[in-house]
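What follows is a single structure, written as structure tokens, with notes after it.
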Amino acid sequence: MQNLPALLSLCVAVCSAYPVDRASEDEDSMELVQQYLENYYNLAKDTKPFVRRRDGGPVVEKLREMQKFLGLEVTGKLDSDTLEMMHKPRCGVPDVGDFTTFPGMPKWRKTHLTYRIMNYMLDLPRDAVDSAIEKALSLWEEVTPLTFSKADDGEADIKILFAVRDHGDFIPFDGPGKVLAHAYPPGPGIYGDAHFDDDEPWTRDTSGTNLFLVAAHELGHSLGLFHSADPRALMYPVYNARTDLARLRLSQDDVAGIQSLYGSPSVSPDDPAVPPESVPPGPETPAACDPSLSFDAISTLRGEILFFKDRHFWRKSLRTLEPGFYLISSFWPSLPSGLDAAYEETSKDIVFVFKGNQFWAIRGTEAQAGYPKSIHTPVFPTVRKIDAAIFDKEKKKTYFFVGDKYWRFDERRRSMEPGFPRQIAEDFPGVDPKVDAAFEAFGFYYFFNGSSQLEFDPNAREVTHSLKSNSWLNC
């Protein structure tokens, strides 16, 4: 590299004022420093050799900038922690501070976006790649008005490519273990696209490079976010193999960033410009903190949680402290009161609600045409009503609970799985076989019976917490 002598001269010139570790004297390490600061911190490529300076010059300045951004001790020295950070796998997009958008704040001027997976890798089967990308997009979908659909051919807003080395965009990949991927901000042509280095050992877990985790970060770029200096943020540039994938959520920094571009789910163009007013308390109004409070049905909706009771529902956002309280009819005039069950199929942006032997479909605040429909199918020929339902976003399975039994529906194949119904007690040990309401969040299932709820880990197949039903309402 042409500027290597400049860095070597710098080390000789400033070593008395800025001592470096022995590893930094290695020529390969100095080349890494030059490349890293050029690629991610805008170090000029024509850096000149220079003599002793009080401030150490541009390289030391850029080292300080890098150390500050990545949360290291700011010394301007090429110490072991700094060198170790430079060796970690990361995103190929340069770094900036706080939650930040690309210059000019480019964003999509519509709320429904299409994506297309242009090719597939050898490390993972197609369905695992599809699932990882869909799950990654759902993180952003839950906190914005954005929705996504997969295109199998033709043009798409976001094109996803797996490639090695030179791949046509003048930003070649560098082999395994360094730059994992890069993505472009919203716009036409290549803008919005996300490219992944196919030399990486892509995996479903963290034994290699987890595709879901990297895709969630890169697709944040595709939506308009730059890098964050918050190590807890998904948009932090360095890959963290120790991330707990089952509990992965966007940080407040990520949410603030993406909502600065698109707003929150409640201000979707599909929602009313002014949401209906909350219901004032009355003699027949259920009280949120009544110790005996139970729920008829519970569902998520675009990142929020809806708790239905009689003619009312609480609308709980994880981003605000106080839940809203509304009449069901103020949002969905055609829906009945006293619902039996509800669940959100997030991949279709539809909530299904059940009462008796009928069910309805809603998208945002709009009831869908052609409903209600009967639950009486060849699968449920004698079932009078559904007690509760859960949609598992990762597995793409819907669980229907009726009495002490449950059925499982495969949403991909659009068919009920064989061997059902099964006993709730057999497959959900510790859960009461009478379920009033249920929903999934953060990788856990929450089962409600009367005024009590149980948090259930479906992977460990055990109850992890026992809580009051109204704990979600700050009670």
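Residue numbers run from 1 in the order of the sequence given.
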Is the distance between the ring centroids of [X] and [Y] less than 6.0 Å?
{"X": "Tyr191", "Y": "Trp108", "value": "no"}
{"X": "His217", "Y": "His182", "value": "no"}
{"X": "Phe401", "Y": "Phe428", "value": "yes"}
{"X": "His465", "Y": "Phe444", "value": "no"}
{"X": "Phe359", "Y": "Phe354", "value": "yes"}
{"X": "Phe456", "Y": "Tyr446", "value": "no"}
{"X": "Trp360", "Y": "Tyr371", "value": "no"}
{"X": "Phe313", "Y": "Phe331", "value": "yes"}

If you look at every heavy atom in [X] and [Y], which pair is closest and at what distance?
{"X": "Asp410", "Y": "Arg413", "result": "OD1-N, 3.1 Å"}
{"X": "Leu70", "Y": "Tyr236", "result": "O-OH, 2.7 Å"}
{"X": "Val179", "Y": "Glu200", "result": "O-OE2, 3.5 Å"}
{"X": "Val435", "Y": "Ala388", "result": "CG1-CB, 3.6 Å"}
{"X": "Leu225", "Y": "Asp254", "result": "CD1-O, 4.2 Å"}
{"X": "Ser469", "Y": "Leu293", "result": "CB-O, 3.8 Å"}

Does [atom1] in [X] sit with more than 12 non-hydrogen atoms of other residues, nucleotides or ligands closer than 6.0 Å?
{"X": "Lys178", "atom1": "NZ", "result": "no"}
{"X": "Arg247", "atom1": "CZ", "result": "no"}
{"X": "His112", "atom1": "NE2", "result": "yes"}
{"X": "Arg412", "atom1": "CZ", "result": "yes"}
{"X": "Glu345", "atom1": "CD", "result": "yes"}

Quiz prompt | Aromatic plane relationship, Phe409 with Phe400 - under 30° parallel, 30 to 60° tilted, over 60° perpendicular | solution = perpendicular
Self-check item: Pairing residues for Thr209 by the side-chain hydrogen bond (donor to acceptor under 3.5 Å, both in side chains) criterion, not counting sequence neighbours
Solution: none
Self-check item: Asp198: side-chain hydrogen bond (donor to acceptor under 3.5 Å, both in side chains) partners, not counting sequence neighbours
Solution: none
Axial cation check for [Y] ring with [X], 6.0 Å and 45° limits:
{"X": "Arg64", "Y": "Tyr41", "value": "no"}
{"X": "Arg165", "Y": "Phe173", "value": "no"}
{"X": "Lys309", "Y": "Phe295", "value": "no"}

Quiz item: If you round to the nearest 0.5 Å, how far is OG1 of Thr300 from CD of Glu440?
Solution: 7.5 Å
With a 3.5 Å cut-off and no angle check, do the side chains of [X] and [Y] form a donor-acceptor pair?
{"X": "Tyr326", "Y": "Arg311", "value": "no"}
{"X": "Ser299", "Y": "Glu344", "value": "no"}
{"X": "Tyr184", "Y": "Asp169", "value": "yes"}
{"X": "Gln259", "Y": "Ser264", "value": "no"}
{"X": "Ser251", "Y": "Asp253", "value": "no"}
{"X": "Glu141", "Y": "Thr147", "value": "no"}
{"X": "Tyr239", "Y": "Asn210", "value": "no"}
{"X": "Asn449", "Y": "Ser452", "value": "no"}
{"X": "Thr114", "Y": "Asp157", "value": "yes"}

Practice problem: Give the intermediate values and the outcome of ring-ring contact (aromatic ring centres under 6.0 Å, His included) for residues Phe325 and His312. | Solution: CA-CA 7 Å; Phe325 185 56; His312 308 87; 5.1 Å; yes
Quiz item: Is a salt bridge present between Arg302 and Glu142, judged by a nitrogen-to-oxygen distance below 4.0 Å?
Solution: no
Practice problem: Evaluate the criterion side-chain contact (heavy atoms from CB on, under 4.5 Å) for residue pair Leu213 and Thr206; output intermediate values, then yes/no. | Solution: CA-CA 9 Å; Leu213 184 57; Thr206 54; 5.8 Å; no
